[in-house]
Amino acid sequence: MQFISKTIPASKRVALVAHDNRKGDLIEWCSRHRTLLTQHSLLGTGTTGTRIEAATGLRVEKLLSGPLGGDQQLGARIAEGQIDLLVFFWDPFEPMPHDPDVKALLRIAAVWNIPVACNSASADMMVQSTLMGADFERPVPDYAGYLAAR
């Protein structure tokens, strides 16, 4: 697969996801970074997005709940170039019935080379980077070139 350069714009589209035991941590993180997050578009899986909105007043576009297809919806949006960052507070201690969906979401984020944070430390580093408020070039698969060569 060949790669091309794609720009993540200064105003980012940030996906927010958390497993049940980590939702409180993500809400607290969003509260701490509320001012910064208002400068970007937020979307999340259903329950997580609803709880973040209620606790912080941030506007979050809500998809389906993760186990009902929300993780897959996020993966599709990543593949379509509609998500720039993924903040996913997952629970490494709790088995998830929709674990294959979670792995697929993380895989597609890696394929399309978007920044991923899986805990508050990595999320803090990501949003406090100078790149958070700037355009950022990243290599992505050249899918159009791939199709043309077939």
Side-chain angles (χ1 to χ4, degrees), residues 1 3-141:
M1 177 72 66
F3 290 83
I4 59 172
S5 182
K6 184 96 173 188
T7 302
I8 293 178
S11 179
K12 314 265 187 293
R13 295 162 296 187
V14 181
L16 302 168
V17 188
H19 285 151
D20 288 345
N21 291 342
R22 301 294 316 278
K23 287 188 193 321
D25 297 331
L26 183 58
I27 291 166
E28 188 275 327
W29 182 85
C30 287
S31 294
R32 279 192 294 117
H33 296 287
R34 187 183 186 292
T35 301
L36 179 138
L37 292 173
T38 60
Q39 301 168 31
H40 304 280
S41 299
L42 308 177
L43 63 154
T45 50
T47 308
T48 301
T50 299
R51 290 191 52 194
I52 289 169
E53 269 191 348
T56 67
L58 289 165
R59 184 178 170 280
V60 180
E61 178 187 348
K62 292 170 289 302
L63 305 176
L64 295 173
S65 174
L68 297 177
D71 296 329
Q72 292 178 335
Q73 285 180 302
L74 286 175
R77 294 222 183 162
I78 290 169
E80 294 167 348
Q82 297 176 17
I83 293 176
D84 302 312
L85 309 174
L86 174 61
V87 177
F88 185 0
F89 284 18
W90 58 277
D91 185 349
F93 297 111
E94 192 70 31
M96 298 293 148
H98 65 292
D99 194 51
D101 299 335
V102 171
K103 287 181 179 165
L105 174 59
L106 293 172
R107 180 190 170 280
I108 206 71
V111 166
W112 290 100
N113 198 22
I114 67 164
V116 177
C118 62
N119 54 43
S120 61
S122 58
D124 285 345
M125 292 281 290
M126 188 162 60
V127 301
Q128 292 175 17
S129 165
T130 57
L131 297 173
M132 188 64 187
D135 289 354
F136 174 70
E137 294 293 319
R138 74 192 200 283
V140 298

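Along the sequence shown, residues are numbered consecutively beginning with 1. Predicted model only: the values in this text are computed from it and were never measured.
- When all heavy atoms of Ala10 and Asp135 are compared, the pair lying nearest together is N-OD1, 2.9 Å.
- In this structure, Leu26 CG and Arg51 CZ are separated by 10.0 Å, a value rounded to the nearest 0.5 Å.
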Show your reasoning for whether side chain to side chain contact (heavy atoms under 4.5 Å, CB included) applies to Val14 and Leu86.
CA-CA 6 Å; Val14 181; Leu86 174 61; over 6 Å; no
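- With hydrogens and angles ignored, the 3.5 Å screen pairs a side-chain donor or acceptor of Thr56 with a backbone N or O of Leu58.
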Can Ser41 and Arg59 be said to form a side chain to side chain contact (heavy atoms under 4.5 Å, CB included), step by step?
CA-CA 8 Å; Ser41 299; Arg59 184 178 170 280; over 6 Å; no
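- The two atoms that bring Leu63 and Leu74 nearest to each other are CD1-CD2, 3.5 Å, heavy atoms only.
- Looking at Trp29 and Asp124, their side chains do bring a donor and an acceptor atom within 3.5 Å of each other.
- In this structure, Pro139 and Ile4 have side chains that are not in contact, with every pair of non-hydrogen atoms separated by 4.5 Å or more.
- Between the CD1 atom in Ile78 and the CD1 atom in Ile83 there is a gap of 4.5 Å [rounded to 0.5 Å].
- In terms of modelled atom types and a separation under 3.5 Å, the side chain of Arg13 and the main chain of Leu42 share no donor-acceptor contact.
- Side chain of Asp101 to main chain of Asp71: no donor-acceptor pair is present (N/O by atom type, distance under 3.5 Å, no hydrogens or angles).
- No donor-acceptor distance shorter than 3.5 angstrom exists from the side chain of Gln39 to the backbone of Ser11, with no hydrogens or angles considered.
- Taking each heavy atom of Ser65 and Thr47 in turn, the nearest pair found is OG-OG1, 4.0 Å.
- With values rounded to the nearest 0.5 angstrom, His19 atom NE2 is found 13.5 Å from Phe93 atom CZ.
- Summarising the geometry, atom CZ belonging to Phe88 is positioned 11.5 Å from atom CG belonging to Leu16; distances are rounded to the nearest 0.5 Å.
- For the pair Ile27 and Ile52, the tightest heavy-atom approach, listed with the atom from each and the gap, is CG1-CG1, 4.0 Å.
- With hydrogens and angles ignored, the 3.5 Å screen pairs a side-chain donor or acceptor of Ser122 with a backbone N or O of Asn119.
- Rounding to the nearest 0.5 Å places CZ of Phe89 at 7.5 Å from SG of Cys30.
- For CZ of Arg138, the number of neighbouring non-hydrogen atoms (other residues, nucleotides, ligands) closer than 6.0 Å is greater than 12.
- Residues Arg77 and Glu61 are paired through a salt bridge, judged by an N-O separation under 4.0 Å between the basic side chain and the carboxylate.
- Annotation for Met126 and Val87: closest pair CE-CG2, 3.7 Å, computed over non-hydrogen atoms.
- For the atom pair CG of Asp84 and NZ of Lys6, the computed distance is 9.5 Å after rounding to the nearest 0.5 Å.
- Counting only distance, with no hydrogens or angles, the side chain of Lys23 and the backbone of Ala18 share a donor-acceptor pair below 3.5 Å.
- Heavy-atom contacts from other residues, nucleotides or ligands closer than 6.0 Å to CZ of Arg107 number 12 or fewer.
- Minimum heavy-atom separation, Glu53 to Val60: OE2-N, 2.9 Å.
- Put simply, the side chain of Ser120 does not reach to within 4.5 Å of the side chain of Glu28, judged on heavy atoms.
- One finds no salt bridge joining Asp91 and Arg22 here, because no Lys/Arg side-chain nitrogen approaches an Asp/Glu carboxylate oxygen to under 4.0 Å.
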